Amino acid sequence: MLVTETVLHLGPELERAVNRMDFFRLFKSLAGSHGFSYFGLTEILADDQGINLQHVHALHNLPHAWFDDPKQQVIEADDPVFVYLQQSSAPCVMDMNENHSAVLTAGGSRSVAIVPLHAATGKRHGLIMVGEARELEHQALALLALDAALIFQRYFEVILSLDSISGLSDREIQIVRWTSEGKTSAEIAIILGLSEHTVNSYIAAVLRKLHVVNRAQMVASAIRSGLIT
């Protein structure tokens with residue numbers, strides 16, 4: 001039976017995690033404890049969409065400068081890291097000197113740990129940890145994967161399942177998040193490649209679903225419920 005106390009570096013912090021920032025810190029700590037500088041966690045969508053680190057449920061600290069388009073932050077579908085996540089359910093450490101990644105190799109990474117993850121809803125997710133660590137012994141890799149699965153299980157229970165219960169779509173949550181950062185409808189439209197009218201329609205739908213009457217109340221309700229941080 002898996003118990004949270006088996007997580008090597010977390011202790012009670014796992015049970016205290018209640019928002020996205022808490023989980024960002026946990027995954028960053030997990031990466032650092034195994035010699036990796038950066039991490040990325042996101043849902044694995046259609047075969048041709050690659051790894052979208054701008055997805056509403058994504059967490060990552062990969063430098064924006066690594067991406068050809070910092071606003072999109074996508075690891076393309078032909079990247080060996082994405083291909084591995086599509087084809088395997090076992091964790092591995094990939095040598096970037098032998099597997100060229102347009103994003104990760106270009107960023108100077110020497111290796112990437114890849115951990116496929118699955119939510120209770122059946123959706124597939126992937127965790128990558130990027131840095132200088134060349135190899136991990138089998139036991140170390142198994143413990144990394146165990147830690148990742150335990151953190152992700154908690155992330156699903158606290159964050160992802162709540163997003164589903166709220167009735168908001170991924171796009172609606174994304175727009176609420178941009179609104180919380182002070183962006184106008186016109187600015188959000190440019191960021192997401194939508195029309196301003198479409199953004200306003202999404203916001204109107206969110207107001208109805210959250211039973212609030214203006215954007216300030218919308219953001220406050222989303223923060224209280226943990227949909228955004």
Side-chain angles (χ1 to χ4, degrees), residues 20-21 23-119 121-136 141 144-145 147-149 151-152 155-156 159-160 163 169-171 173-174 177-178 190-194:
R20 284 181 171 81
M21 184 56 67
F23 288 102
F24 178 93
R25 294 191 185 102
L26 290 177
F27 282 114
K28 183 180 179 182
S29 176
L30 176 61
S33 70
H34 289 277
F36 297 98
S37 302
Y38 306 103
F39 80 94
L41 170 75
T42 192
E43 184 178 336
I44 304 302
L45 302 173
D47 293 355
D48 61 348
Q49 294 187 26
I51 300 173
N52 179 9
L53 292 167
Q54 284 291 83
H55 186 272
V56 65
H57 293 146
L59 299 173
H60 82 95
N61 66 343
L62 274 65
H64 292 187
W66 288 8
F67 299 89
D68 290 338
D69 185 349
K71 290 185 178 180
Q72 295 297 323
Q73 297 179 26
V74 172
I75 297 175
E76 300 293 345
D78 59 352
D79 190 283
V81 174
F82 178 73
V83 172
Y84 184 88
L85 281 168
Q86 286 288 83
Q87 296 179 350
S88 179
S89 60
C92 81
V93 176
M94 184 177 290
D95 188 336
M96 291 288 92
N97 292 324
E98 299 177 0
N99 300 273
H100 178 76
S101 166
V103 172
L104 304 182
T105 304
S109 305
R110 299 176 65 183
S111 64
V112 55
I114 306 172
V115 183
L117 297 163
H118 294 82
T121 56
K123 291 184 177 180
R124 302 173 62 198
H125 292 71
L127 174 68
I128 61 174
M129 299 183 178
V130 185
E132 295 296 317
R134 297 302 297 272
E135 293 183 6
L136 291 178
L141 181 59
L144 182 155
D147 282 5
I151 299 171
F152 180 74
Y155 183 53
F156 174 82
I159 303 296
L160 301 187
D163 285 359
S169 68
D170 289 348
R171 178 66 85 189
I173 295 170
Q174 199 171 34
R177 188 166 297 140
W178 282 117
I190 293 172
I191 292 168
L192 300 180
L194 303 171

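Please read these numbers as outputs of a predicted model, since none were measured by experiment.
- The main-chain N or O of I75 is never found under 3.5 Å from a side-chain atom of D79 such that the two would form a donor-acceptor pair.
- Between M94 and L104 the shortest side-chain heavy-atom distance does not fall below 4.5 Å.
- Side-chain contact check for N61 versus F27: every heavy-atom pair is 4.5 Å or farther apart.
- Here OG of S101 is found 7.5 Å from CD1 of I128. Values are rounded to the nearest 0.5 Å.
- Under 3.5 Å, the side chains of R171 and Q174 contain a donor-acceptor pair of N or O atoms.
- Taking CD of E132 as the start and CZ of R110 as the end, the distance is 5.0 Å to the nearest 0.5 Å.
- Between V93 and L141, some side-chain heavy-atom pair lies under the 4.5 Å cut-off.
- The line from NE2 of H100 to OG1 of T105 is 5.5 Å long, rounded to the nearest 0.5 Å.
- Looking at L30 and F36, their side chains never come closer than 4.5 Å, going by heavy atoms from C-beta outward.
- Annotation for A148 and L127: closest pair CB-CD2, 3.5 Å, computed over non-hydrogen atoms.
- Among residue pairs with one or both ends in residues 122-131, those qualifying as side chain to side chain donor-acceptor pair (under 3.5 Å) are Q86-R124; sequence neighbours excluded.
- The closest donor-acceptor contact from the side chain of T42 to the backbone of N52 lies under 3.5 Å.
- Between F39 and F24, the distance separating the two ring centers is shorter than 6.0 angstrom.
- To the nearest 0.5 Å, atom CZ of residue F152 and atom CG of residue L59 are 10.0 Å apart.
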